[in-house]
Amino acid sequence: MLDKFEWKKWILPLVLGLGLWLLTPIRPTAINIQAWHLFAIFIATIVACITKPLPMMATTIIAIVIATLTGIFKMEEVTAGFGNSTAWMVAMCMFMAAGFIKSGLGKRIAYFFVKTFGKRTLGLAYALSMVETVLAIGIPSNNARVNGIMYPIIDNLSKEMGSDPKKGTQADMGSYLVFNEYEVNIVTSTMFLTGLAGNMVALGIAKTQNIEISWMQWFLAAIVPGIISLLVIPFVLYKIYPPKIKETPNAHAWADNKLKELGKMTLAEKIMAVVFILAVALWLIGPKFGIDATLVSFIAVALLLICGVINVKDILGQSFAWNILTWLSIIMLMSQKLMQLGFFPWFSKTLGSMLNGMNWVWVLVILYLAYFYLHYLFPSVSTQISALYAGFLSIAIGAGVPPIMAALMLALDGSLYLSTTSYSAGPAALLSSTGYVSNKDWWRLSAIIGIILNIIWLGGGLLWTKVIGMW
């Protein structure tokens, strides 16, 4: 049986792609024919990733086939493109994340923090925020953290405390904890390069424009705004979206019982913990010894396989990892080729000149805010990054923004902009449909917290990066 052909979703990508291709004779003289043709294919691909007549993996495969048949790429270039280190790092981190969930270590960490700090609802929110922070270092999927670990725990805990959407008591505690989890998940996704696959996608695209940012550089830039956000958000939400239940003395006993059910730490959990600590240490100091972040992720996965924490079946079952490995490799290959053919340097110089004379800080502020609020139009992180990041980065550099600051601030923005809609990413779609938070409250609270995040990360982030000498 054939899959349904979504012909309407093909119209816009084909019209734009063919339209640009046919405009080849009147293209800007600074761009050669090959660069213009690849630009047409690239735009059609990005638009198809938005309209989604097929999944992104299928769309990008079709695009690279067309680009190869038209002589833009040689087959050797295409196959070599699947050796992209950034794409493999994303995949390896996804495989490592499977170890967290399979071993049960993620749940144990969560129960421990709830038991230790969960005497009051506000304290419980901070405890769950700490769990999110720990997990984000090694789990680059916000979906995996929310869907696989955090939400089930919050849901069970809320119902244990009598806060249940089915009983109309969601506002007692669950509404606050669920929305706090979502916003904290955004912060932890931003704090670490490995906190969200989109972070690595952005820096992979930046690398095609000859800008490299290490795990440690990202961490140093994000740590202060991140900590401030983790302190501010639970408190602000506690004031503007207060739970009815303020004291949670039963949470300690509940978490203690859950830990007893888990029993003593298994060998798999102990190995997972050791490998996780080793990976973090190597991400921090590895570059000094010639060990880059991608190699660290390979080492971690190899150790987990050797010790039996995960197996080949677990790796093959990570469909998202294989999917992103494919489409990200192709997107980055096309971006790199556009750079080599001179398209992005021309684009940067041409559009950047329109902002000529404006202080680069204000250019960055304008681009950052535009990039943030454009996410209201996008239903996923990766789609917007693939569609806009390279262009925004080129404009920023052309207008005089220091390349590392342009790449870093826009990349950080690529997780922060999730504080917008109930369809901004997978966790939003899940949590907004649980009955704990109404759609009206979701949009209202997201807008408020979004402003706070922009103040902390844009205003405070620029000041902090100045202090540490990044510009």
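Put simply, the side chain of I299 does not reach to within 4.5 Å of the side chain of V275, judged on heavy atoms. Side-chain contact between N142 and L418 is present, with heavy atoms from C-beta onward closer than 4.5 Å. Contact check for F392 versus L374: side-chain heavy atoms found under the 4.5 Å cut-off. The side-chain heavy atoms of L367 and V401, taken from C-beta on, include no pair separated by under 4.5 Å. In this structure, V236 and Y241 have side chains that are not in contact, with every pair of non-hydrogen atoms separated by 4.5 Å or more. Side-chain contact check for M334 versus I330: some heavy-atom pair is nearer than 4.5 Å. Side-chain contact between V365 and L462 is present, with at least one heavy-atom pair separated by less than 4.5 Å. Residues S85 and K207 have side chains in contact (heavy-atom distance under 4.5 Å, counting atoms from C-beta outward).
Between H375 and Y417, the ring planes lie parallel to each other; the angle is under 30°, not in the 30° to 60° tilted range. Ring orientation note: the planes of Y376 and W443 are tilted relative to one another, at an angle of 30° to 60°. Between F298 and W88, the two ring planes are tilted [angle within 30° to 60°]. In this pair, W322 and F95 present their aromatic rings tilted. The plane angle is within the 30 to 60° band. Taking the six-membered ring where tryptophan is involved, the planes of Y182 and F179 are tilted, since the angle between them lies from 30° to 60°.
Using a distance-only test at 3.5 Å, with no hydrogens or angles considered, no donor-acceptor pair links the side chain of S424 to the main chain of T420. Remark: side-chain polar atoms of D256 are not paired, donor with acceptor, to backbone N or O of H252 under 3.5 angstrom. Although no hydrogens or angles enter the test, the distance criterion places no donor-acceptor pair under 3.5 Å between the side chain of S422 and the main chain of N439. A donor-acceptor pair is defined here as one N or O able to donate and one able to accept, closer than 3.5 Å; such a pair exists between the side chain of R145 and the backbone of G195. Remark: side-chain polar atoms of N454 are paired, donor with acceptor, to backbone N or O of G450 under 3.5 angstrom. A donor-acceptor pair under 3.5 Å is formed between the side chain of S419 and the backbone N or O of S446. Looking only at distances, a side-chain donor or acceptor of N156 sits under 3.5 Å from a matching main-chain atom of P152. A donor-acceptor distance shorter than 3.5 angstrom exists from the side chain of Y389 to the backbone of A407, with no hydrogens or angles considered. Distance alone, capped at 3.5 Å, places no donor-acceptor pair between the T248 side chain and the A251 backbone. A distance-only check finds a donor-acceptor pair linking the side chain of S175 to the backbone of Y436 [under 3.5 Å].
Side-chain contact check for D155 and S158: no donor-acceptor pair (N or O, by modelled atom type) lies under 3.5 Å. With 3.5 Å as the limit, one finds a donor-acceptor pair spanning the side chains of S415 and N199. Residues R108 and S103 have side chains that never bring a donor and an acceptor to within less than 3.5 angstrom of each other. For the residue pair T190/W457, the side-chain donor-acceptor check at 3.5 Å is not satisfied.
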Could you walk me through whether E247 and K119 pass the salt bridge (charged side-chain N to carboxylate O under 4.0 Å, His left out) test, one step at a time? CA-CA 6 Å; E247 306 287 331; K119 295 179 181 179; over 6 Å; no

Full working for side chain to side chain contact (heavy atoms under 4.5 Å, CB included) between M161 and T121: CA-CA 11 Å; M161 300 296 122; T121 304; over 6 Å; no

Candidate pair W218 and L412, rule side chain to side chain contact (heavy atoms under 4.5 Å, CB included), full reasoning: CA-CA 9 Å; W218 181 293; L412 294 172; 3.5 Å; yes

Dump the intermediate steps for side chain to side chain contact (heavy atoms under 4.5 Å, CB included) on K102 and N311, then the final yes or no. CA-CA 11 Å; K102 184 180 179 182; N311 55 41; 3.5 Å; yes

Walk me through whether F100 and F276 qualify under ring pair (Phe, Tyr, Trp, His ring centres under 6.0 Å). CA-CA 9 Å; F100 262 102; F276 173 59; 5.0 Å; yes

Go through the steps to decide whether L408 and Q217 satisfy the test side chain to side chain contact (heavy atoms under 4.5 Å, CB included), and finish with yes or no. CA-CA 9 Å; L408 181 61; Q217 283 176 304; over 6 Å; no

Would you sort out whether Y111 and W254 count as a ring pair (Phe, Tyr, Trp, His ring centres under 6.0 Å), showing the intermediate values? CA-CA 9 Å; Y111 292 142; W254 175 83; 5.7 Å; yes

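Here the closest heavy-atom approach between residue S163 and residue Q170 is recorded as OG-O, 3.0 Å. Scanning both residues, M191 and G226, for their nearest heavy atoms gives CG-CA, 3.7 Å. In plain terms, the two heavy atoms of M89 and A293 that are nearest each other are CE-CB, 3.4 Å. Of all non-hydrogen atoms in F372 and L416, the two that sit nearest each other are CE1-O, 3.2 Å. Minimum interatomic distance between S129 and A125 (heavy atoms only, all atoms of both residues): OG-O, 2.7 Å. The two residues A279 and M96 make their nearest non-hydrogen contact at CB-SD, 4.4 Å.
Put simply, CE on M409 and CD1 on I404 are 12.5 Å apart, with the number rounded to the nearest 0.5 Å. Once rounded to the nearest 0.5 Å, the distance linking CG of L333 with OG1 of T208 reads 10.0 Å. Taken to the nearest 0.5 Å, the CE atom of M130 stands 8.0 Å off from the OG1 atom of T116. We find the CD1-CD1 distance between I101 and I139 to be 5.5 Å, quoted to the nearest 0.5 Å.
Within 6.0 Å of the CH2 atom in W471, the count of heavy atoms belonging to other residues, nucleotides or ligands exceeds 12. Around OH of Y238, the count of heavy atoms belonging to other residues, nucleotides or ligands within 6.0 Å exceeds 12. Other residues, nucleotides and ligands place no more than 12 heavy atoms under 6.0 Å from the CZ atom of F235. By the neighbour-count criterion of 12 heavy atoms within 6.0 Å, atom NZ of K246 is densely surrounded, having more than that number from other residues, nucleotides or ligands.
Checking F219, F192, W215 one by one against W283, the ring pair (Phe, Tyr, Trp, His ring centres under 6.0 Å) holds for a single residue, W215.
Here Y126 and F117 keep their ring centres 6.0 angstrom or further from each other.
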